[in-house]
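Per chain, numbering begins at 1; letters A, B, ... match sequence-line order.
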Number of protein chains: 2
Amino acid sequence: MTSEVTTPTEPGQTAQSKSQRAHEWIKERIAAGDLAPGHRLVLGSIAAELDMSVVPVREAIRQLEAAGLVTFERNVGAHVAMVDDAQYRFSMQSLSILEGAATALAARALTTEDLRAARDINDEMIKQLDDFDPRAFTTLNQQFHAILFARCANPRMLELVNAEWARLGHLRESTFSFVPGRAAESVREHEEILACIASGEPLGAIEQIARRHRAATLDAYMIHEHPDAALNMPAF
Amino acid sequence: MTSEVTTPTEPGQTAQSKSQRAHEWIKERIAAGDLAPGHRLVLGSIAAELDMSVVPVREAIRQLEAAGLVTFERNVGAHVAMVDDAQYRFSMQSLSILEGAATALAARALTTEDLRAARDINDEMIKQLDDFDPRAFTTLNQQFHAILFARCANPRMLELVNAEWARLGHLRESTFSFVPGRAAESVREHEEILACIASGEPLGAIEQIARRHRAATLDAYMIHEHPDAALNMPAF
DNA sequence: CCCGGATAGATCGTATACGATCTTCACCAC
DNA sequence: GTGGTGAAGATCGTATACGATCTATCCGGG
């Protein structure tokens, strides 16, 4: 009792459990691309690496399984979720719908400062077009859309969007890095979206433009990867 | 080896782990309403009830937490997730968007038989309007929409819809049971949706009608529960 | 009467242990 | 060479044990 301070490091930040630490560690590793899709996750190894027993690691993996980031088979083990082209397509289409709606639901709440910040980021993206680095470009792209979403009137929609992006993991950048020319198109569409929001277009129109922006990225990717395959997705 | 058959009960159905059993048990109990929102989930008690130790129960609860059905606080315990009015509103709006899109993405693949089956269910709902039982009505409503979704070209969208409904748990029926007159309106809108699909309207039109169908339910609920509060949700 | 502090009980968090299951690979019959 | 068989090793699944933390209750001081 004497002079116990327990060094709370940060007031209001209770020490997180080991299972939480494992959860975040694995999640970050997947997002960073250190753990490629299909990579096997051995409980014991992860436990050893994080200096804990397997029980918290199991919990973490169960959570990640529920979120769709890893697959888990009884008596076989866990693997980083594979995202094949079909799943990628479906996730991206879902995202186009969710992001379109989220953008519309945020449009009326965006301030002049928000719009300028978004425009600044887009300008930076334009500058980088010549010396193209997929990773840096993708980061800016995330920031751009993050600003547009931030004031979304529906926080649950944001959660859904973020969860879906987490599922796609390190594939974030593939859409830009694999499809030449798409980046230039993308920043043009960004300008269009900003103009639409600034001029107070109807929410339905904003939703459509934002949706098509993401859908176009998906189309470009699909056409680039599978020039022969028909896009079995209804024009939407 | 002799004559070991291991009685595989069902070929292709491997014995499920205890954690899976716990997961399903809790999930069903929540969906059935046996475990009300806010109800405390004591690991030891559940473990005793299911005749297992706490470890699998913890895993199950972590999964349910990731799915949003349960909240979990370190050193405090788990509770069935509370869905306050704000969250309910946000989830329902998200659902209106997801379901609208899912309906449109399924429209072109629906067969004549599908449409007739949906119509039959809706007719049954109309019959039940006089002798209204929220639970039975809700079941039929689920079946109706399940048929419309079943052929959705995007399975991921269906997963998102189902996950969101699971989050709302036993509140499924509140939308009908609490808002007098909404049921009658709802079945009329069902007929509209069917007509739209049958006559080959553009997907965008189908999406809008399906979205408004769900959004109208939400509005009715909000107006009924909070006649004074402004609906802070953009008309969409 | 109200309030701060101590104590007991309940519950959570994780390590360890051990049986169950799967995977691998060497080996042998054909 | 091919395919089946068996054993060894790796890994998973869960029970048990015990320390850590929270909650509720009781008590003495103000």
Apply side-chain hydrogen bond (donor to acceptor under 3.5 Å, both in side chains) to B:Glu24 and list each qualifying residue two or more places apart in sequence or on a separate chain.
none

A:Ala163: side chain to side chain contact (heavy atoms under 4.5 Å, CB included) partners, not counting sequence neighbours
none

Side-chain donor-acceptor distances from residues 25-47 of chain B under 3.5 Å, at least two apart:
residue	atom	partner	partner atom	Å
B:Arg29	NE	B:Asp34	OD2	3.4
B:Arg40	NH2	B:Val76	O	3.0

Between the protein and nucleotides 12-15 of chain D, list the N/O to N/O atom pairs that are separated by less than 3.5 angstrom.
residue	atom	partner	partner atom	Å
D:dC12	OP1	A:Leu43	N	3.4
D:dC12	O3'	A:Asn75	N	3.1
D:dG13	OP1	A:Asn75	N	3.1
D:dG13	OP2	A:Arg58	NH1	2.3
D:dG13	OP2	A:Arg58	NH2	3.3
D:dT14	OP1	B:Lys18	N	2.4
D:dA15	OP1	B:Lys18	NZ	2.9
D:dA15	OP1	B:Ser53	N	3.3
D:dA15	OP2	B:Ser53	N	2.6
D:dA15	OP2	B:Ser53	OG	2.4

Pairwise salt bridge (Lys or Arg N to Asp or Glu O under 4.0 Å) hits with a residue in residues 152-161 of chain A, at least two apart
A:Arg156-A:Glu159, A:Arg156-B:Glu164

Holding to salt bridge (charged side-chain N to carboxylate O under 4.0 Å, His left out), I want the full list of residues that pass it with A:Arg62, two or more places apart in sequence or in another chain.
A:Glu65, B:Glu59

